[in-house]
Amino acid sequence: MRVFSNTSSLLSLLLLLGGSQEGEASPALEKRQTTGQYCDTASGMCYLEYSWGPTAPVFRVAVPDTAATDTDFDTLLQIVSPASFGWVGFGWGGRMTLNPLTVVWPNGQSATVSSRWSSGRTLPQLYPEATYRTVGASRNSTHWTVETVCSGCSKWSGGRLSTTGVNSFAWAVSETTVAQPANTASSFQVHDNIGMFSESLEPGTVPAAQFEEHVGGAN
Ligand code: HEM
Ligand SMILES: *[C@@H]1O[C@H](CO)[C@@H](O)[C@H](O)[C@H]1NC(C)=O
């Protein structure tokens, strides 16, 4: 009896340990992303904001209210990245392959924005069909930020953004600095973390005049 009891206790203990290990592992796998509307008090601009938590960049997207599904319209992307990342990527169709990728990295006090496309899960190639103008960029000891407006990210071969429905977006980050920070064609290492989210553009849809004024004169 005593032996049986001990064995039973041991089994319970093992089950408990197994259970508690599972319990400790799950928070890391838990989705901790949040989405919503972010309005910048200084500029008055509002964005669809996505955040995965303090260890990932914040992504903000805005479009003019004249934008219509299946047409070419400009899309504004703001990224606030922890200083630890060497590059940050954003996929306009929710995945790595076959959609416009905006890849950005710090370059001194400014930032480089690189237009990419990938047909496989290897270093994405340059994608001249989408062009960018940098609206702003900054860097301090904890973060670097870049805001860029894309012409050519609203539709592509095989996909498009919906201005009325839900869109899928993807992101990727790497802790490794790119090979040539000043060069938009630089090579870079694979990501250390990736994620995806689905949202309507509605929280980031702003009056066209305000959108143009905000991005106007950017180069
Ligand atoms: C050197 C550059 C890159 C390499 C070598 C690379 C490689 C890969 C590989 C091997 C996978 C599959 C991972 C798995 O199955 O576990 C993957 C997935 C993924 N990558 Fe990349 N990647 C690169 C750049 C990028 C960039 C710039 C983005 C921008 C958003 C990105 C976004 C993703 C996403 C969202 C996934 C998961 C979903 C999917 O496969 O579409 N990657 N990548
Ligand atoms: C650094 O930049 C980030 C992003 O713009 C900002 O949130 C943060 O307050 C800045 N920190 C300092 C010390 O200026």
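Every number for a ligand or one of its atoms is a count from 1 in the order of the listing.
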Close-range residues for ligand 2, whose non-hydrogen atoms fall below the 4.0 Å threshold = V80, N140, T142, H143, T145
Classify the side-chain pair S118/T97 by whether it contains a donor and acceptor separated by less than 3.5 Å.
-> no
Backbone of P181 reached by a side-chain donor or acceptor of W105 within 3.5 Å | yes
Parallel, tilted or perpendicular: ring planes of F169 versus F197, cut at 30 and 60 degrees | tilted
Which residue pairs pass the disulfide bond (SG atoms under 2.5 Å apart) test when at least one of the two sits in residues 146-209, sequence neighbours left out?
-> C150-C153
When you look at S154 and T75, which way does the side chain to side chain donor-acceptor pair (under 3.5 Å) test go after all the steps?
-> CA-CA 7 Å; S154 69; T75 53; over 6 Å; no
If two hydrophobic side chains count as joined below 4.5 Å and joins carry through other members, does Y50 share a cluster with L101?
-> no
Pairs in or reaching into residues 60-116: which pass disulfide bond (SG atoms under 2.5 Å apart), with residues at least two apart or in two chains?
-> none
Near ligand 1, which residues have a heavy atom under 4.0 Å away from one of its atoms?
-> W87, G89, F90, G91, R95, M96, L101, V103, R121, T122, L123, P124, A170, A172, F188, Q189, V190, H191, I194, M196
Atom CZ in R60, atom SG in C46: separation rounded to 0.5 Å?
-> 11.0 Å
Ion pair D74/R133, N-O distance below 4.0 Å = yes
